[in-house]
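Residue numbers start from 1 in every chain, and the chains themselves are labelled A, B, ... in the order their sequence lines are given, proteins ahead of strands.
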Amino acid sequence: MASNTVEPPAPAAVPVAVRHGGPTLRPVGAVLSPAVAAIAALVVHRYLPDEQLPPLTWVDALPAWQHPYPAVLGFILAVSLVLAAVQAVWPYPRQWVRHTAPLVAAATGVVCLWDLVTLKLNWMSQPFFPGPDEVFGGILDDRKILLESAWHSLRLLLTGYAVGVTAGLVTGVLVGWFPRVRYWAMPALKVVGPIPATALIPLVMTLWKDSFFCAVALIGFAVWFPMTILTSSGISNVRVAYLDVARTLGAGRLYLIFRVAIPAALPHIFIGLFMGLGASFLVLVVAESVGVQAGLGWYVKWQQGYLEYAKVYGALIITAVFFSTIMTLLFTFRDRVLKWQKGVIKW
Amino acid sequence: MVSRPAGEGSALQVRGVGKTFAAADGSSVLALDRISLDVAPGELVSLIGPSGCGKSTLLRLIAGLDPPSAGELRVGGEVITGPSAERGLMFQDPTLFPWLTVRGNIASGLVARGVFRRRRHEVDDFLQLIGLEAFADVYPHQLSGGMAQRAALARALINHPRVLLLDEPLGALDQFTRMRMQDELLRVWQTRGTTLLLVTHDIDEAIYVSDRIAIMTPRPGRIERVIEVSLDRPRRRNDPRFLRFRSEILEVLHFTGGPE
């Protein structure tokens, strides 16, 4: 495998090599590894005979070099060569390129392996495991409807998440701050909260006719519970000394809640935000595949019905990219908001 | 510099104050027993004594964070009913709000009272007063212990409290930082004329800074004796007369050593 020929650089070795003038072999190997992996994958794809017979689609009418999988490999090859050249003369992206390149090479290696065990060796049963060329072709084929689905999923996800986060913050602060609210609400929370949101689908669908509204309610519920629990535990665990100091500074109740308790609870609140986001992904996909007739979850279900597994996997790839992008945005947001405790949290 | 005339301190009266706490087994523990203490405006009084003598409890009562079980506390003639910006409080742990920068922490007293807009310029005055201008936009976790304690002092001072209550504020600092901070504390106190009540368990610190020292004994917490430190200011740490006060305090606390 191409990725095996390249050793990822030891993190400390990179700056040392730079400091002693002139790149040594290891950074060069790291930077060029994606190109090597892409060439190897191209060779495997072009010169090894196919064992599996893919169904004929419009893709097969294209000349070999215009197929989606070789095109993607060609793209990786070109970009990695350009970046290798850029980082040699421009120090700004150097660290990032050297850090990322081996990971891209490894990913390329994995895709090459996938190509091997499907198209080239036909080790996987058909038609459930198509090769990368077909899957990429499927994405290309349905790009318009996939984009529409992703947009629909995004709208639903953000609406439901916003509803759940807002509701969870409000109940969490009330439960965490006021002992009387806590007394009455805690037992109810303990009973209602752990119900899986998906188990409420029948109830929700009898309550409201509009499927978008139902899905928003379900996602909101799934997000609301972890948000409430973590916000309230964050609020009720605020160090008493912070509140004491604030009171001797002349703070009233509003200041104590909004300027002391909530900021102090933010690390907890962010755990709730992350847990809620994970729950919302799950509920989103389920809700889309049972009620809402749109979105990525619906697309997967729909293509599965036609045994179009290449498109199912294509949609899964899109879904993975979509969700991980949102997750990354939340991480970035957290790092910005919690920069005051940088070095304290590591997760 | 902070432009406010010296003498902003108020008189403090503690009359027959007692405090009982409920223990876990339902019985009650007498933490403070008939404490009486008069502090003149602008006076610096130290409370000294072994741990468990109730000096921190007394400070919390004066701050208004806990109500007394008996007796009465007055500041400037008014009975204390709860916490107020008139009485600034500072702990051994600086307790800076970690989510605010040094500047934000110092300003928090102004924000809490809704006067930040009108008096935001004072934040810079206080940053200058404690010599942390260069660290204004730094978060507390990046500060050393001494710097954090200076920032906490500035935060306690920004509301121009009439009484400043310090609960072992220098206890966690190393000897040298502590001596420097004592001088800084004295400078602030002298320029501003705040009434200052200092809880400490450092006898030399008490003698070095105080007008008077109230010696407390535990179980139940009582003020055993109040001694006047009749030394001129500025004092010298190696003044041989320190020894006289030192032995008096040790005697009251039964810490002179030798067989009982």
Side-chain angles (χ1 to χ4, degrees), chain A residues 169 172-173 176-179 230-274 330-347, chain B residues 56 59-60 62-66 75 80 82-102 104-116 119 137-143 151-167 169:
Chain A
L169 274 177
V173 169
W177 187 261
F178 298 101
L230 279 146
T231 304
S232 75
S233 88
I235 298 269
S236 53
N237 284 312
V238 172
R239 269 180 63 191
V240 179
Y242 291 147
L243 299 169
D244 283 348
V245 164
R247 284 157 72 199
T248 61
L249 289 172
R253 181 181 277 178
L254 283 181
Y255 186 95
L256 292 179
I257 294 177
F258 287 99
R259 302 262 190 164
V260 181
I262 290 180
L266 272 179
H268 276 85
I269 291 174
F270 268 98
I271 298 175
L273 285 173
F274 278 102
L330 185 57
F331 267 107
T332 312
F333 178 60
R334 181 207 62 180
D335 288 347
R336 188 155 303 176
V337 173
L338 293 188
K339 69 169 185 287
W340 50 269
Q341 60 160 206
K342 211 155 205 175
V344 179
I345 40 162
K346 289 246 163 60
W347 44 273
Chain B
S56 295
L59 221 57
R60 284 183 67 85
I62 298 170
L65 293 171
D66 297 318
V75 165
I80 295 170
S84 142
E86 301 252 285
R87 278 158 279 131
L89 178 64
M90 191 176 146
F91 298 112
Q92 174 175 344
D93 179 346
T95 334
L96 294 170
F97 301 129
W99 53 89
L100 296 177
T101 59
V102 168
N105 266 284
I106 294 175
S108 58
L110 300 179
V111 177
R113 294 190 305 132
V115 296
F116 178 67
R119 292 175 44 188
D137 299 312
V138 151
Y139 285 97
H141 76 267
Q142 297 161 290
L143 296 176
L153 178 63
R155 180 178 63 175
L157 287 172
I158 193 122
N159 282 331
H160 300 277
R162 310 209 157 272
V163 178
L164 193 56
L165 307 165
L166 308 180
D167 192 352

Non-hydrogen atoms of A/Lys339 and B/His141 that approach each other most closely: O-CE1, 4.2 Å

Please output the side-chain donor-acceptor pairs of residues 84-94 of chain B that fall under 3.5 Å, not counting sequence neighbours, one pair per line with the distance.
from, atom 1, to, atom 2, distance (Å)
B/Ser84, OG, B/Glu86, N, 2.8
B/Arg87, NH1, B/Ile62, O, 2.8
B/Arg87, NH1, B/Ala63, O, 3.1
B/Arg87, NH1, B/Gly82, O, 3.4
B/Arg87, NH2, B/Gly82, O, 3.2
B/Asp93, OD1, B/Thr95, N, 3.1
B/Asp93, OD2, A/Arg239, NH2, 3.0

Chain A heavy atoms under 4.5 Å from B/Val138: which part of the residue, side chain, backbone, both or neither? neither

Go through the atoms of B/Leu96 and report whether side chain, backbone, both or neither lie under 4.5 Å from a heavy atom of chain A. backbone

Most contact-rich option vs chain A, by heavy-atom pairs under 4.5 angstrom, among B/Pro98, B/Pro161, B/Gly109, is B/Pro98

Flag side-chain contact, heavy atom, 4.5 Å: A/Gln341 against B/Trp99: no

Do A/Trp340 and B/Pro140 have side chains that approach each other closer than 4.5 Å (heavy atoms only, starting at C-beta)? no

Run the side-chain donor-acceptor check on residues 244-264 of chain A: report pairs under 3.5 Å with partners two or more places apart or on a different chain.
from, atom 1, to, atom 2, distance (Å)
A/Asp244, OD1, A/Arg247, NH1, 3.4
A/Asp244, OD2, B/Arg60, NH1, 2.9
A/Asp244, OD2, B/Arg60, NH2, 3.2
A/Thr248, OG1, A/Val245, O, 2.8

